Amino acid sequence: MSFDLRKADMDTATRSPTRTVAAGPAPAGRAFGVHHGIAITIEGLWGAGKSTAAHELGQRLSGHGFRTQLLHYGPRHGVIAHLSELLDGAPLRHRHGAGGYSAPHHAVVDVLLRWCRQAYHHQHDYRPALTGHDVVIIDHGLYTALAYALTVLGEHPPQACGLGADAAPEAMMERLLACVRPWFLHPHRAFFLDVPWPLARERAIERGYGGGDAASIERLQFLPRFDAAYRQVCASLPERITRVPVGLRSVEEVVADIEHEVLTLLQVPEGADRV
């Protein structure tokens with residue numbers, strides 16, 4: 001699902017940010033032309049506030065005059081629609097009870113199927129969006145797919161994932177990056193909303209994610225490992241991922257920090273290879 005923010009409410013988009021760029025005026029809006037848009041992703045656990053922050057950021061950037069598009073996922077039809085129905089409605093991983101997989105190889109199959117869908121979106125939705133916009137904001141994150149794979153594959157012995165029994169933890173991350181390299185669109189900058197997993201869990205329950213089942217053992221087992229894996233991904237790619245502390249800060253304060261860095265990125269000279 002995507003929508004263009006160029007017609008967004010400008011009163012909301014232009015309100016004064018908490019933090020300015022280099023204590024100076026924001027750069028004038030300009031179009032970079034074909035192939036010169038930048039990709040920004042908002043990363044974090046379920047319940048971290050990714051969609052809210054992404055929408056606020058999009059409003060602000062549109063207010064500065066940039067052609068901005070906010071993407072959740074691309075359109076789902078045909079094979080992608082059927083694949084999504086399988087993954088979201090009847091996954092190999094059970095989301096209730098004890099959770100987990102009935103067989104180790106199911107984790108590998110699950111990751112493979114999810115990456116087939118990811119590869120389609122990267123190539124047919126995210127990259128094309130960059131050709132017609134100055135900024136494309138992906139509100140569900142892209143590195144979350146790596147964190148998910150790292151989590152579920154890590155539940156099984158390394159041999160089940162094609163690694164040696166004495167493989168170091170970093171070996172799995174290297175293997176995953178090698179697998180996605182042909183199609184993965186690394187964003188120009190990713191922002192990880194740093195929210196402790198217990199707080200993110202409570203927020204996700206309030207929003208009805210996963211049926212809002214507060215007693216789900218699967219949720220309690222999976223989220224701590226998912227959080228640790230996500231942080232491992234962030235640590236592995238410090239040049240691409242910025243950690244944004246959230247805590248009790250308001251959405252406006254959090255987004256102001258992100259806006260500051262994005263506006264700085266948008267001042268890169270025209271003609272530079274930005275994809």
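On a predicted model such as this, the values are computed, not experimentally measured, just so you know. Just so it is clear, the values below take in all heavy atoms, side chains as well, and ignore hydrogens, waters and symmetry mates.
- The distance from the CD1 atom of I80 to the CZ atom of R117 is 8.0 Å, given to the nearest 0.5 Å.
- Within the model, atoms CG of L70 and CD1 of I42 stand 9.0 Å from one another, a figure rounded to the nearest 0.5 Å.
- Of the possible donor and acceptor atoms, one in the side chain of T131 sits under 3.5 Å from a partner among the backbone N and O of P128.
- A pairwise comparison of heavy atoms in A48 and V195 identifies O-CG2, 3.9 Å as the closest pair.
- Distance check: R175 CZ to L150 CG gives 13.0 Å after rounding to the nearest 0.5 Å.
- Side-chain contact between I137 and F191 is absent, with no heavy atoms from C-beta onward closer than 4.5 Å.
- Exactly one residue among L87, V109, L86 makes a side chain to side chain contact (heavy atoms under 4.5 Å, CB included) with L92. That residue is V109.
- Taking the six-membered ring wherever Trp is involved, the centroid distance between the rings of F222 and W46 falls below 6.0 Å.
- Of all the heavy atoms in G141 and T41, the pair that sits closest is CA-CB, 4.2 Å.
- Scored by the ring pair (Phe, Tyr, Trp, His ring centres under 6.0 Å) test, H82 finds no partners at all (sequence neighbours excluded).
- The shortest distance between side-chain heavy atoms of L177 and R181 falls below 4.5 Å.
- Summarising the geometry, atom CH2 belonging to W197 is positioned 9.0 Å from atom CD belonging to E202; distances are rounded to the nearest 0.5 Å.
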### Task
Might you work through the side-chain contact (heavy atoms from CB on, under 4.5 Å) test for H133 and T68, ending with a clear yes or no?
CA-CA 6 Å; H133 299 86; T68 306; over 6 Å; no

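- For D139, the side chain to side chain donor-acceptor pair (under 3.5 Å) criterion is met by S51, H72, not counting sequence neighbours.
- Between the OG1 atom in T151 and the CG atom in L146 there is a gap of 10.5 Å [rounded to 0.5 Å].
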### Message
Before you tell me yes or no, could you show the steps for F184 and H186 under ring pair (Phe, Tyr, Trp, His ring centres under 6.0 Å), namely the whole-Å CA-CA distance, both residues' side-chain angles and the distance that decides it to 0.1 Å?
### Response
CA-CA 6 Å; F184 197 93; H186 285 286; 4.8 Å; yes

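- The residue from V180, L130, D125, V136 that alone fulfils the side chain to side chain contact (heavy atoms under 4.5 Å, CB included) condition with L185 is L130.
- Looking at R249, its side chain does come within 3.5 Å of a backbone N or O of P245 through a donor-acceptor pair.
- Two residues are said to be in side-chain contact when any heavy atoms from C-beta on lie closer than 4.5 Å; L193 and I258 meet this criterion.
- Within the 4.5 Å cutoff, the side chain of R60 has heavy atoms near those of the E252 side chain.
- Salt bridge annotation for K50-E43: absent, with no cationic side-chain nitrogen under 4.0 angstrom from a carboxylate oxygen.
- Hydrophobic clustering keeps L112 apart from L142 (ILVMFWY residues linked when any side-chain heavy atoms are closer than 4.5 Å, directly or through intermediates).
- Side-chain contact between Q69 and V135: absent, with no pair of heavy atoms (C-beta onward) separated by less than 4.5 Å.
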### Message
Using side-chain contact (heavy atoms from CB on, under 4.5 Å), reason through L113 and L83 one step at a time and then give a plain yes or no.
### Response
CA-CA 8 Å; L113 293 177; L83 178 58; 4.1 Å; yes

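- The backbone N or O of S250 sits less than 3.5 Å from a side-chain atom of E253, completing a donor-acceptor pair.
- Residues W115 and L176 form a side-chain contact, since some pair of their non-hydrogen atoms from C-beta on lies under 4.5 Å apart.
- The two residues A190 and Y143 have their closest heavy-atom pair at CB-CE1, 3.7 Å.
- Pairs engaging residues 236-258 under the ring-ring contact (aromatic ring centres under 6.0 Å, His included) rule: none recorded [sequence neighbours left out].
- Between E259 atom CD and L263 atom CG the span is 5.0 Å, to the nearest 0.5 Å.
- Residues that satisfy the ring pair (Phe, Tyr, Trp, His ring centres under 6.0 Å) test with F192, not counting sequence neighbours, are Y230.
- Residues satisfying the side chain to side chain donor-acceptor pair (under 3.5 Å) test with H106, not counting sequence neighbours, are S102.
- Nearest heavy atom pair, residue I241 against residue R189, reads N-NH1, 3.4 Å.
- Residues that satisfy the side chain to side chain donor-acceptor pair (under 3.5 Å) test with R243, not counting sequence neighbours, are D194.
- A heavy-atom distance below 4.5 Å is not found between the side chains of F66 and V262.
- The aromatic rings of H140 and Y126 sit tilted relative to each other, their planes meeting at an angle between 30° and 60°.
- Two residues are said to be in side-chain contact when any heavy atoms from C-beta on lie closer than 4.5 Å; I40 and I38 meet this criterion.
- Side-chain heavy atoms closer than 4.5 Å link hydrophobic residues (I, L, V, M, F, W, Y) into clusters, and following such links, even through other members, never connects V111 to V79.
- Looking at every heavy atom in both residues, A147 comes nearest to A229 through O-CB, 3.6 Å.
- Atom CD of E85 is surrounded by 12 or fewer heavy atoms from other residues, nucleotides or ligands within 6.0 Å.
- Among all heavy-atom pairs drawn from M173 and S236, the shortest one is CG-OG, 3.8 Å.
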